[in-house]
Amino acid sequence: MSKNELEQGREQWGTRIGFILAALGSAVGLGNIWRFSYIAGESGGAAFLIIYLLAIAFIGFPIMMCEFMIGRRAQSDAVQSFHIIAPGKPWFIAGGVGVAAGFIILSFYAVVAGWTLKYLFSYITGGLWSTPSDGYESYFTSFISNTQPIIWQFIIMALTVGIVVLGVKKGIEKANKIMMPLLGIILLLLAGYSLTLGGAKAGLTFLFSPDWEAFRNPNVYLTALGQAFFSLSLGMAALITYSSYLPRKEKLPSAATSIIILDTLFAVIAGIMIFPAVFAFNAAPDAGPGLVFITMPEVFGQIGGFGIVIGILFFLLLTAAAISSAVSMLEVCVAYFMRKFSLSRKPTTILIGALIFIIGLPSALSATADAPLGGIHFLGDRGFFDSADFLTSNIMLPLGGLLIALFVGWTWEKSEMMRESDFRSSQFGSIFRWILILLVPIAILAVFVNSIG
Ligand code: TRP
C-alpha cells in the first residue's frame, strides 16, 4: 500500500480499465448466458431485443450512472455513502436494502454457480464423457435433488471469498483482468463453432426474427426491464460499492457506456452460441432454466468426442462468469461490515462468506420437489430457492433501484447533478436529468407493481 492509500485508509482500483472490467465482471453472469437467451426466445425474439435495448438505454444507463455518481462522490460503502451525501435523511435505507439483497442473492446464486462447477468437473473427469445411463434430464434432476450440491456451493463460496480476501486491487481487479478477456475469447470461439453446426439459420431466426405481436404485450416490456436490472447488476448498490474505489477524476458516462455495450454484446453472442447448436440437434429452444444443464449437454453429447472439449469450455465460461458476479455481491456486504465494525478485510470476508453459505443451504436443498427441503413452501407456494429469487429479483432490486433514482433525481440540485454526472452543461445532461426525474421512477413503479401483483 502506498503512503497515500494508508493515509486515506481506503482501497482504490489500480487502473480505470481495471474498474471497467470489474464492473463488467459483475454484470456478465448467469443472467447473460442462459436467462437472456431463453427469455428473448420466449418473448418475441427481435421484438424483445428492441424493447430490451430501449430499457437498457433509457432506464439501465441512468440508474447505472446514479450508482456510479453516488459511489465516486461519497467514496464509501453502500449504506455510509447515503449518510455522507444526505446526513440525517433516511436515504441510507436504499443501501441497507442493497446489503440485504446481496446476502440473499449470493446465497442462491452460489448454488446455481455450484451446479455449473459440478458440470465443468464432470466434463473434465469423465462423468459426462458419455450419455448418463438415465439420460441428461434425470442426471440433472437427481443431482439437484440430492445433498451433493452443497459441496459445490461451498467450493464456489470459497473461491469467491478467496478473491475478495485479496482486496480490491490485488483480488477483485486482478481476477477480472484475467477472467473477462478469457470469457470473451471462449464465448466468441463457442459462438463461431455453433454457427458451423448446421442450425445457424433456424437458430438466428429464432433469436432475431421479430414477433410483432410481442410489442402489444405489456408483459414483454416488464420482462425486458427486469432483465435489464438483473443483467446490469443494478439496484443493490454493487456498482455504488465498485465506483467508490474510483479516483474522483475518472469520468463516468464513457465507463457506463462501455459496460452497457459489452454486457449486451455478451448476452446477444451467448444467444448466438446457444440457439444454432440447439436447432442443429433438434433440441427444445424454450426449455427455460433446464436449457443450460439438460439441453446443452444433450447437444454436446451429439457432437461426439469434440463435444467434451466444447462442454469443458462452455461450463468454464459459465462458472467464471458466475464467480466474477458473486465477487461483486460479496464485496457489497464485506465493504459495509468492514466499515461498520472497523474490522479488517480478511476476517470480515471469511465470516460473511461463511454466513452466506449457511443462508444458502436451504436453497441448495430445495431446488426440486424431491430435494430434502423441497417440500417446504411459503411466499405464495414457493420453496426456499424460488422464494429467495422472487424476494430479491422482483422486490428488493426494483425497490433499491427506485430509491437510488429518486435520491439522485429528486434530491440533488441541478448543478450538483450536472457536475457529478460529468455531463456538465451539455444537452445530454438535461436529457439525463429529465429521464431520471420522470421516466425512470414511472417505469420502475410499473415493473414493481406488476411483479408483486
Ligand atoms: N448481473 C449478474 C448476472 O447477469 C448478476 C448480478 C451480479 C447481480 N451482481 C448483481 C444482479 C447485483 C443484481 C444486483 O448474472
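Order of listing sets the numbers, starting from 1, for every ligand and every atom in it. Just so it is clear, the model here is predicted, and its values are computed rather than measured. Note that these values count all heavy atoms, side chains included, but never hydrogens, waters or copies made by symmetry.
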inquiry  = side-chain contact (heavy atoms from CB on, under 4.5 Å), that's the test. Do Leu246 and Gln12 meet it? Break it down for me.
reply    = CA-CA 6 Å; Leu246 205 54; Gln12 281 201 333; over 6 Å; no
request  = Taking the six-membered ring for Trp and the single ring otherwise, decide whether the centroids of Phe19 and Tyr245 are under 6.0 Å apart.
outcome  = no
ask   = When the aromatic ring centroids of Phe36 and Tyr52 are compared, is their separation below 6.0 Å?
value = yes
Could you tell me whether some N/O pair between [X] and ligand 1 is separated by less than 3.5 angstrom?
X      : value
Leu30  : yes
Phe230 : yes
Leu234 : no

From Leu330, Leu397, Leu106, Leu24 - option closest to atom 13 (C) of ligand 1 by heavy atom = Leu397
Give the numbers and elements of all ligand 1 atoms closer than 4.0 Å to a heavy atom of [X].
X      : answer
Asn32  : 4 (O)
Ser328 : 7 (C), 9 (N)
Ala27  : 1 (N), 2 (C), 3 (C), 4 (O)

message = Show, in sequence, the C-alpha distance, side-chain angles and deciding distance for Thr241 and Tyr336, and conclude whether the side-chain hydrogen bond (donor to acceptor under 3.5 Å, both in side chains) test is met.
response = CA-CA 9 Å; Thr241 306; Tyr336 169 71; over 6 Å; no
query = Taking everything shown except Glu137 itself, do over 12 heavy atoms lie less than 6.0 Å from its CD?
reply = no
ask   = Is it true that a side-chain atom of Trp13 and a backbone atom of Val168 form a donor plus acceptor pair closer than 3.5 Å?
value =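 Flag not set: sc Trp13 to bb Val168 has no pair under 3.5 Å.
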Among all protein heavy atoms, pick the one closest to [atom] and tell me residue, atom and distance.
atom                    : value
atom 15 (O) of ligand 1 : Tyr109 OH, 2.7 Å
atom 8 (C) of ligand 1  : Ser233 OG, 3.6 Å
atom 14 (C) of ligand 1 : Met236 CG, 3.3 Å

query = Does a salt bridge link Arg10 with Asp77, judged by any charged N lying under 4.0 Å from a carboxylate O?
reply = no
ask   = Heavy atom of Ser231 under 4.0 Å from ligand 1?
value =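 In this structure, Ser231 qualifies as a contact of ligand 1 - some heavy atom is under 4.0 Å.
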query = Between Ser26 and ligand 1, which residue portion shows a heavy-atom distance shorter than 4.0 Å: side chain, backbone, both, or neither?
reply = both
inquiry  = Going by side-chain hydrogen bond (donor to acceptor under 3.5 Å, both in side chains), Glu11 matches just one of Arg345, Lys170, Lys169. Which one?
reply    = Arg345
